[in-house]
Amino acid sequence: MEEFIKLWGSGTARTLRPIWMAEELEIRYELMPIGPRTGETQTEEFTQINPKQKIPALQYKDLNLSESLAICRYLQKNFSSKNIFIPIDDLEIAKEDEWCNFIYGELDETSLYVMRRHYDLKDIYGESPVVVEACRKYFMRQLNIVENHLKSNQSILRSGFGLADIFLMTCLDWAVFYEFSLPKNTAQYRDRIATRPAYEKAMKINYSS
Ligand SMILES: N[C@@H](CCC(=O)N[C@@H](CS)C(=O)NCC(=O)O)C(=O)O
């Protein structure tokens with residue numbers, strides 16, 4: 001019997017990433033659309049899969065995997081693609097790694113997610129307009145790096161759309177939702193990437209399940 005990948009989690013920027021990656025790679029998968037803070041991440045079944053009780057998570061054969069970046073990398077490495085660029089050259093792998101760490105570390109975790117904690121989730125983590133404002137400024141400063149890069153590049157890696165773009169795009173959508181206005185090259189990049197069929201499909205799946 002064929003075993004399907006199971007992806008757990010929907011409804012957030014982080015859960016969109018593996019769904020989008022799976023759609024780009026045209027992988028058959030089953031989505032378990034559990035949400036954060038619904039109690040669904042606290043069940044015994046899910047805690048066995050991800051003891052952190054967070055989404056997204058992947059289940060495949062004997063593998064249980066958490067962390068949106070690790071999941072997307074696993075999919076990218078283990079399934080071939082005709083739609084996206086997957087680097088095999090050491091230099092390109094290193095550059096992809098550098099961008100993914102930057103996007104995840106600086107744009108997602110240090111800026112947008114801290115804003116989320118002290119604004120949307122203030123009842124849990126405490127309200128802090130000072131922190132939120134500092135994150136806004138920090139995000140814009142980091143985004144300059146992206147803006148300059150996109151002046152002469154259509155995608156993060158010159159060879160084509162891939163993993164780093166999935167991470168960047170999910171952060172840009174999140175930023176727009178938080179009423180950031182994106183600089184010109186970045187806004188044009190976002191409009192362009194938003195026309196990808198796999199993105200449109202993944203958005204529908206992620207936000208309607
Ligand atoms: N570093 C993790 C972050 C995962 C994460 O924080 N997920 C949130 C939703 S975006 C969650 O599951 N929150 C549930 C909770 O904190 O109870 C990743 O990139 O996958």
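Counting from 1, the numbers follow the sequence of the chain as shown. We count ligands from 1, going down the list as the structure has it; atoms in each ligand are counted the same way. Remember, it's a predicted structure, so these values are computed and weren't measured experimentally.
Protein heavy atom nearest atom 7 (N) of ligand 1, with residue, atom name and distance: Ile55 O, 2.8 Å. Considering only non-hydrogen protein atoms, atom 2 (C) of ligand 1 sits nearest to Glu67 OE1, 3.2 Å. Shortest contact from atom 15 (C) of ligand 1 to any protein heavy atom: Arg37 NH1, 3.5 Å.
The minimum heavy-atom distance between Asn206 and Ser10, with the atom names listed, is OD1-CA, 3.3 Å. When every heavy atom of Ile55 is checked against every heavy atom of Gly9, the shortest pair comes out as CG2-CA, 3.6 Å.
Distances below 4.0 Å separate heavy atoms of Pro56 from the following atoms of ligand 1: 20 (O). Of all the atoms in ligand 1, the ones that sit under 4.0 Å from a non-hydrogen atom of Ser68 are 18 (C), 19 (O), 20 (O). Residue contact check: Tyr104 has heavy atoms under 4.0 Å from atoms 1 (N), 2 (C), 3 (C), 18 (C), 19 (O) of ligand 1.
Between Trp99 and His149, the two ring planes are tilted [angle within 30° to 60°].
Considering backbone and side-chain N/O atoms, Glu109 never comes within less than 3.5 Å of an N/O atom of ligand 1. Ligand 1 has no nitrogen or oxygen under 3.5 angstrom from a nitrogen or oxygen of Leu69. Polar contact with ligand 1: present for Arg14 (N/O pair, distance under 3.5 Å). Note: no N/O pair closer than 3.5 Å links Thr12 and ligand 1 by distance alone. The shortest N/O to N/O separation between Arg17 and ligand 1 does not fall below 3.5 Å.
For the pair Arg17 and Tyr104, the NZ or CZ position fails the cation-pi test of under 6.0 Å to the six-membered ring centre and within 45 degrees of the ring normal.
A side chain to side chain donor-acceptor pair (under 3.5 Å) with Glu67 is found for one member of Arg73, Lys54, Lys52 and no other, namely Lys52.
Hydrophobic clustering, with ILVMFWY side chains joined whenever heavy atoms are under 4.5 angstrom apart, keeps Ile34 apart from Trp20. Both Phe161 and Ile27 sit in one connected hydrophobic cluster of ILVMFWY residues. Membership requires side-chain heavy atoms under 4.5 Å apart, directly or through other members.
A salt bridge does not link Asp165 with Arg192: none of the charged nitrogens is closer than 4.0 Å to a carboxylate oxygen.
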